[in-house]
Protein chains: 2
Amino acid sequence: MTKANQQYAENLQLELRRGVIVLAVLSQLRQTHYGYSLRQALVDKGFDVNEGTLYPLLRRLESQGLLNSEWDLEEGGRPRRYYTLSEAGQAILTDLKAEWKYLGVVMDGLLVDDK
Amino acid sequence: MTKANQQYAENLQLELRRGVIVLAVLSQLRQTHYGYSLRQALVDKGFDVNEGTLYPLLRRLESQGLLNSEWDLEEGGRPRRYYTLSEAGQAILTDLKAEWKYLGVVMDGLLVDDK
DNA sequence: CATTATACATTGCATCACATAGTATTGTCA
DNA sequence: TGACAATACTATGTGATGCAATGTATAATG
C-alpha cells in the first residue's frame, strides 16, 4: 500500500466515523456530562473524538435546542459546562438510533459475500 | 417535533449515511458496474444515493487509483463508463469493512441501555 | 409526439471534522 | 520549588465532500 493510498484509507476511515459522532455524543448524554468527561467516556469506550470537534459540536447541538447546558463554577475547580439532553434531543436520539439500526441492516445486505 | 427540529434530524441522518457511501459503493463494485446500474443496485438494496453524489464520487475514486474504468460505446446504446475495483481498491474495501465492523461493536457499546 | 427512463457531467453552496493554537488552573514529581 | 502533564474550554482557518440544480443527449413508452 503506497503512502498516497494510506492517506486515502485514513481519510475514508475518518469519513466513516464522521457521521456517527453526533449519535455517539447523544448516546452518552443520556447521563449528564461536561465536555471533558464526555470525551473521556467516549475514548474509554473506543470512540476517539478530537477536542476541536467535540466542543464546537456541543455548542452547535445546544444552539439547535438538542442539549441544555449549565456552568458549574465551583470554587477551587476549573469551570465546567454541564450538558444534558433536551426533550428534542431525546427525540433526535431515538430517530438516529433507528436510522443507525436500519443502516446496519442495509450494509449487511451490501457486504454479503455472495458467490 | 418542530420544523427546525425536523430539519436538524434530516441533516443528521444525511451525515450518518455520508461516511458509509464509499463503503457501499466499493462493496457493490466487487462486480463490474456502470454508474447508473450501480445506483440502481444500491437503491434496490435500500441505499439511496444521489446522482450528483455518485458520479463525482466514482471519478474521485478512480483518480485515487481505487477504481479502474472503461467506456463502452456500443452502437445503438448510450455510452457507459464501466468501473471495477483495482487492487488498491480491494485493499481499501477490506480496510473499511474492518473499520465498519469495529464501529458497529463500539456503537453497540455506546448505545446499551445501561442501568 | 410528448413524457419518462437511461446515462453522465458540472457548478455552487453549505456543512462540518480536524489541526492548530491559545488561555488558565490544578496536580505530579523530581 | 519549578517544570511538565492533565484538566477544561475557546477560536480560527482549511479542506473534504454531499447535494441540489441544471444541462446534454439518446432510447423507450404511451
Side-chain angles (χ1 to χ4, degrees), chain A residues 4 7-26 32-44 47-64 66-67 69-83 96 103, chain B residues 4 7-25 32-44 47-64 66-67 69-83 103:
Chain A
Q7 189 57 50
Y8 298 143
E10 275 172 44
N11 199 13
L12 291 172
Q13 288 184 4
L14 285 181
E15 282 290 318
L16 199 56
R17 301 173 74 89
R18 169 179 175 150
V20 186
I21 295 179
V22 170
L23 177 55
V25 164
L26 293 182
T32 298
H33 276 289
Y34 56 98
Y36 200 87
S37 73
L38 172 59
R39 176 161 192 273
Q40 284 184 320
L42 289 168
V43 171
D44 282 350
F47 197 97
D48 203 20
V49 200
N50 195 294
E51 280 186 295
T53 297
L54 184 59
Y55 287 113
L57 172 60
L58 290 170
R59 310 301 298 275
R60 195 177 85 234
L61 293 176
E62 187 187 12
S63 81
Q64 294 176 344
L66 308 185
L67 300 182
S69 85
E70 207 176 334
W71 278 105
D72 182 348
L73 303 164
E74 230 177 299
E75 292 304 313
R78 297 168 221 69
R80 296 169 171 171
R81 191 196 281 261
Y82 281 89
Y83 292 91
L96 283 181
L103 198 57
Chain B
Q7 189 57 49
Y8 298 143
E10 275 173 44
N11 199 15
L12 291 172
Q13 288 184 4
L14 285 180
E15 282 289 317
L16 199 56
R17 300 172 75 87
R18 170 180 173 148
V20 186
I21 295 178
V22 170
L23 177 54
V25 164
T32 299
H33 276 289
Y34 55 98
Y36 200 88
S37 73
L38 172 58
R39 176 161 192 273
Q40 285 185 318
L42 289 169
V43 171
D44 283 350
F47 197 98
D48 202 20
V49 200
N50 195 293
E51 280 185 297
T53 299
L54 185 58
Y55 288 114
L57 172 60
L58 290 169
R59 310 301 298 274
R60 194 177 86 234
L61 293 175
E62 187 188 11
S63 81
Q64 294 176 345
L66 308 185
L67 301 180
S69 85
E70 207 177 335
W71 279 105
D72 183 347
L73 303 163
E74 232 177 297
E75 292 303 313
R78 298 168 221 72
R80 295 168 172 172
R81 193 197 281 260
Y82 280 89
Y83 291 92
L103 198 57

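The chains referred to below are lettered A, B, ... by the order of the sequence lines, with proteins before strands, and numbering in each begins at 1.
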- Closest approach of A/Leu16 and B/Leu103, non-hydrogen atoms and distance? O-CD2, 3.9 Å
- Message: Does a side-chain N or O of A/Arg81 approach OP1 or OP2 of D/dT10 to a distance below 4.0 Å, or not?
- Response: yes
- Message: How many whole angstroms separate atom OH of B/Tyr83 from atom C1' of C/dA7?
- Response: 11 Å
- Reading nucleotides 11-17 of chain D from 5' to 3' and marking B where a protein heavy atom lies under 4.0 Å of the base, S where only the sugar-phosphate is that close, and - otherwise, the string is B----SS
- How long is the line joining CG of A/Leu38 and C1' of D/dA8, in whole Å? 13 Å
- Query: How many Å lie between CG on A/Leu16 and C1' on D/dG18, as a whole number?
  - Reply: 15 Å
- What is the nucleic acid contact for B/Leu14, judged by heavy atoms within less than 4.0 Å: base, sugar-phosphate only, or nothing? sugar-phosphate
- Item | Nearest-Å distance for atom pair NE2/C1', residues B/His33 and C/dC8 | 17 Å
- Query: Start at the 5' end of DNA chain D and walk down; is the nucleotide closest to B/Asn50 or to A/Arg80 reached first?
  - Reply: A/Arg80
- Message: How many whole angstroms separate atom CD of B/Gln13 from atom P of C/dC16?
- Response: 14 Å
- C/dA7 phosphate, OP1 or OP2, under 4.0 Å from B/Arg78 side-chain N/O: yes
- Whole Å only: how far is the CZ atom of A/Arg39 from the C1' atom of D/dT7? 11 Å
- Task: Would you classify A/Gln40 as touching base, sugar-phosphate or nothing, given that sugar-phosphate means primed atoms plus P, OP1 and OP2, and contacts are heavy atoms under 4.0 Å?
- Result: sugar-phosphate
- For C/dC8, take OP1 and OP2 only and decide whether either is under 4.0 Å from a side-chain N or O of B/Tyr55. yes
- Message: Without decimals, in angstroms, what is the distance between A/Leu58 CG and D/dC9 C1'?
- Response: 11 Å
- Item | B/Glu51 to B/Pro56 - nearest heavy-atom pair and separation | O-CD, 3.8 Å
- Message: Applying side-chain contact (heavy atoms from CB on, under 4.5 Å) to B/Tyr83 and B/Arg59, what does each step give before you reach the verdict?
- Response: CA-CA 10 Å; B/Tyr83 291 92; B/Arg59 310 301 298 274; 3.3 Å; yes
- Item | Integer-rounded Å distance: C/dC16 C1' and B/Tyr8 OH | 15 Å
- Query: Just wondering, do A/Leu66 and A/Val22 contact through their side chains at under 4.5 Å, heavy atoms?
  - Reply: no
- Query: Counting distance only, does the side-chain N/O of A/Arg39 pair as donor-acceptor with the main-chain N or O of A/Val49 below 3.5 Å?
  - Reply: yes
- Note on the structure: Value for OH (B/Tyr34) from CH2 (B/Trp71), rounded to nearest 0.5 Å, stands at 12.5 Å
- Item | A/Ile21/A/Phe47 under side-chain contact (heavy atoms from CB on, under 4.5 Å): CA gap, chis, key distance, verdict | CA-CA 9 Å; A/Ile21 295 179; A/Phe47 197 97; 4.0 Å; yes
